[in-house]
Each structure stands twice: as structure tokens, then as C-alpha cells.
Amino acid sequence: MFNQFPNLKTGEPLSKHCWYALGGPADYFIEVTDIDEIPKLISEAKENSIPYIIIGGGSNTVFHDEGLRGLVIKITADSLEFESGACRVVADAGVSMMRLVKESMERELTGLESLFGLPGTVGGAIFGNAEAHGTAIGGFLESATLLDNNGNLKEVDKDYFQFSYRHSKLHSTGETILKVTLKLNQITEEDLENEELQVLRNKAEEALNFRKDHQPTGRNNGSFFKNPKGDYAGRLIDVAGLKGAKIGGAYISEKHGNFFMNDGTATTSDLIELRNLAKSTVKEKFDITLEEEVRIVMPNGTYLNDEN
Ligand code: EPU
């Protein structure tokens with residue numbers, strides 16, 4: 001199988017490819033820089049009835065301790081181009097959010113300051129309409145190149161995504177983002193005279209400082225659960241008395257209740273048990289069902305989240 005792909009690996013530990021550093025081996029694993037290879041890989045996987053999962057930076061995916069009895073396609077393309085004069089940025093899905101915001105600011109393109117410090121990649125951020133301090137990334141999207149479930153490429157515009165809080169239509173279509181075009185704002189002469197640039201730089205600095213003050217560093221994937229309507233997952237977990245709760249090597253941060261950490265010795269089972277504990281306690285105490293932001297992939301390629 002996959003004979004025409006010489007760089008395909010077998011038994012690759014998936015812990016090397018996700019932010020949590022968790023997960024067993026993938027039967028087949030390939031890093032792809034040329035997106036034209038992806039349709040061929042998918043059709044071969046389908047012909048052989050093996051599941052496939054596509055990942056980017058791995059900040060929103062956790063694999064099972066037993067890994068995946070299938071193929072993991074990791075997109076490593078990370079080109080970032082600025083169309084001068086047009087305030088447009090064309091970014092591969094694998095570009096880190098940190099780099100996108102930093103390089104945009106260096107070119108005096110504005111809008112993304114509040115997202116400075118956000119973990120993960122551009123693809124993951126658009127998929128989940130990442131938001132911080134009232135700014136959601138979906139608002140800046142102009143168009144995107146997607147890969148559908150048959151491995152075909154497709155160009156779509158912003159409306160296609162039907163963005164809402166931490167959500168896009170791709171959660172249900174299962175399509176993968178390959179490339180996005182964002183439209184940012186250009187600082188004007190007048191803004192410069194009013195020292196607007198410094199104001200925006202301060203905003204970015206404040207966003208970063210907020211993270212330092214309120215969120216832990218270490219192995220985590222950012223917010224573990226979405227905020228339920230009208231409340232905050234972190235607050236609920238905190239009030240339920242679960243901060244510091246630990247199962248094996250997975251624990252809930254003392255600094256923020258919605259940060260689930262790996263102390264370096266955790267397994268995915270530890271993390272799943274901790275997630276179960278938080279979900280059941282919050283359900284019992286507040287009658288609220290928390291929904292994960294992170295996707296937990298089972299060995300057969302289904303998502304644990306979908307089974308609930
Ligand atoms: N709170 C507690 N206890 C806690 C944590 C929070 O009582 O342990 C309370 C806070 O005091 C506050 C409220 O809950 O009143 C909300 O907390 P916070 O301001 O930290 O924001 P959040 O809703 O937990 C969201 C995003 C973050 C983003 C921040 C800042 C979600 C799920 N998370 O967090 O995004 O950085 O706002 O804008 O919407 C991420 O995407 O990975 C991420 C971290």
C-alpha cells in the first residue's frame with residue numbers, strides 16, 4: 001500500500017505530532033508539503049478501506065494511546081504571503097497563529113492584535129473560529145481552499161463557513177482547510193499621526209500579558225472545552241472544585257479551570273478520564289453539558305466527541 005510515496009512511515013508515534021505529546025503509533029504516516037499529493041493518498045486509503053485523519057499543527061487533535069489503525073496525513077506546508085497594497089494575507093493552514101499575527105503587525109496590517117499568543121495554526125483557528133478579547137478570526141476571512149471528503153479541492157468564500165462562536169460549518173462537513181486568504185486593515189497616515197500603531201501594539205502586548213497572567217504554560221491545547229452559552233467552562237470547573245484534580249499524569253490547571261495539562265507522564269486515557277470527570281461533575285452540579293474544543297481520535301478513526 002502507498003508504494004508511490006517513498007516518504008511514508010509506518011508505526012510513527014503520534015505523540016510527536018500533537019501539542020499534548022500524547023498518542024500511540026499510526027499504522028501509516030506521511031508529511032505532505034505538496035497538497036496535490038493529498039487526493040492520491042485519500043483515494044488509496046479509501047480503496048483499501050482504511051481510515052485517514054488529516055492534521056496540521058496538531059493543537060486541536062489528541063490521538064488514542066493505541067494510535068490509529070489507519071493513515072495520518074500531516075500537512076506541513078507553511079507559506080505566508082502578503083499581497084502588498086491589498087491588505088491581503090494568503091496563508092497555508094499550517095502557519096502558526098503566532099507567526100501570522102506577528103508578521104501582519106510588522107507590515108502594519110491591523111485587526112489581529114487581540115489574537116496574539118493564541119496557540120495553534122491558522123487552519124485550526126479558522127476551523128474553530130478562534131476568538132480572544134472579542135475578536136474572532138472568521139471575521140477576517142475572505143476565501144479558502146478546502147479539501148473535501150473525496151480528496152477534491154474546492155474554493156469557498158467566507159459565507160460558506162457559517163461562523164458562530166467557536167464554530168464553523170466544517171465541524172459537520174468534515175472538510176479540511178488547506179489555504180486561506182484573509183483581508184486585514186492597513187494603518188492610515190492619519191492613524192500614524194495619532195500614534196494608533198502604538199495603541200495597537202499595546203493591545204497585542206496586553207493580549208499576551210493576559211495569557212501570562214490567566215493561563216498556564218506547559219503541555220496543553222488552550223481551552224479544553226467551549227464556553228457554554230451564557231457561562232464559562234473555566235468558571236464552572238473552578239466552582240465545581242475541580243482545579244488541581246489529577247488522574248495519572250493529566251491534571252486541571254490551578255491557574256485556569258479550562259486548561260487540561262499533561263505533566264509529561266500522562267496518557268490519552270488519563271486525559272479522557274479527566275475529561276469525563278469534568279463533564280459528569282459539571283452536568284451533575286449545574287445541569288450543563290460541556291463540549292470539547294479538542295478532537296479525540298479513536299484507533300478506528302472515529303472521534304470520541306461524536307459518540308456522545
Ligand atoms: N474563571 C473562573 N475560574 C477559572 C477560570 C475562569 O472563575 O478557573 C472566570 C473568570 O474570572 C472570568 C470567566 O471565568 O470571569 C472567563 O474566564 P477568562 O477571562 O479566562 O476567559 P475564558 O472564557 O475562559 C476565553 C477563550 C480563550 C481566550 C480568553 C481571552 C474560550 C473557550 N476561551 O477564555 O481562548 O484566550 O477568552 O479572550 O472561549 C483558546 O482559544 O485556546 C483560548 C485560551
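Start at 1 and go down the list; that is how both ligands and their atoms are numbered. Remember, it's a predicted structure, so these values are computed and weren't measured experimentally.
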Student: Report the nearest protein non-hydrogen atom to atom 32 (C) of ligand 1: residue, atom name, distance rounded to 0.1 Å.
Tutor: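 Among all protein heavy atoms, the one nearest atom 32 (C) of ligand 1 is Tyr165 OH, 3.3 Å.
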
Student: Could you go through residues 109-122 and list every donor-acceptor pair under 3.5 Å that involves a side-chain atom there, pairing it with any protein atom two or more places apart or in another chain?
Tutor:
residue	atom	partner	partner atom	Å
Thr110	OG1	Asn185	O	3.3
Glu113	OE1	Gly111	N	3.1
Glu113	OE2	Gly111	N	2.9
Thr121	OG1	Gly124	N	3.4

Student: Which protein non-hydrogen atom lies closest to atom 28 (C) of ligand 1, naming both residue and atom, and how far is it?
Tutor: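 Result for atom 28 (C) of ligand 1: Gln215 NE2, 3.9 Å.
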
Student: Starting from atom 25 (C) of ligand 1, find the nearest protein heavy-atom neighbour and note its residue, name and distance.
Tutor: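 For this ligand atom, the closest protein heavy atom is Asn227 ND2, 4.4 Å.
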
Student: Starting from atom 16 (C) of ligand 1, which protein heavy atom do you reach first, and at what distance in Å?
Tutor: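 Protein heavy atom at minimum distance: Tyr232 CD2, 3.3 Å.
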
Student: Below 4.0 angstrom, counting only protein heavy atoms, does anything approach atom 44 (C) of ligand 1?
Tutor: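 Yes, at least one protein heavy atom sits under 4.0 Å from atom 44 (C) of ligand 1.
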
Student: Note the single closest protein heavy atom to atom 42 (O) of ligand 1, along with its residue, its atom name and the distance in Å.
Tutor: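 Its nearest protein heavy-atom neighbour is Ser223 N, 3.0 Å.
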
Student: Among all protein non-hydrogen atoms, which one is nearest to atom 3 (N) of ligand 1, and what is the separation to 0.1 Å?
Tutor: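 Looking at atom 3 (N) of ligand 1, the protein heavy atom closest to it is Asp238 OD2, 2.7 Å.
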
Student: Provide, to 0.1 Å, the distance between atom 19 (O) of ligand 1 and the closest protein heavy atom, together with that atom's residue and name.
Tutor: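 Here the nearest protein heavy atom works out to Phe210 CZ, 3.5 Å.
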
Student: Hydrophobic cluster mates of Trp19, side-chain heavy atoms under 4.5 angstrom, ILVMFWY only, any path?
Tutor: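 Direct or chained contacts put Trp19 with none.
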
Student: Please state which protein non-hydrogen atom is closest to atom 20 (O) of ligand 1 and give its distance, to 0.1 Å?
Tutor: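 Of the protein heavy atoms, His256 NE2, 2.9 Å lies nearest.
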
Student: Within 45° of the six-membered ring axis of Phe163 and under 6.0 Å from that ring's centre, is NZ or CZ of Lys158 located there?
Tutor: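 No - Lys158 does not lie over the ring of Phe163 by the 6.0 Å and 45° rule.
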
Student: Which of the listed options, Glu254, Lys226, His133, Arg166, holds the heavy atom that is closest to atom 35 (O) of ligand 1?
Tutor: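 Ranked by closest heavy atom to atom 35 (O) of ligand 1, first place is Arg166.
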
Student: Any protein heavy-atom neighbour for atom 39 (O) of ligand 1 (distance below 4.0 angstrom)?
Tutor: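 Yes; the ligand atom in question has protein heavy-atom contact below 4.0 Å.
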
Student: If we ignore hydrogens and angles and just use 3.5 Å, is the side chain of Tyr20 paired with the main-chain N or O of Phe260 as donor and acceptor?
Tutor: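 The answer is yes, because a donor-acceptor pair under 3.5 Å joins these two groups.
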
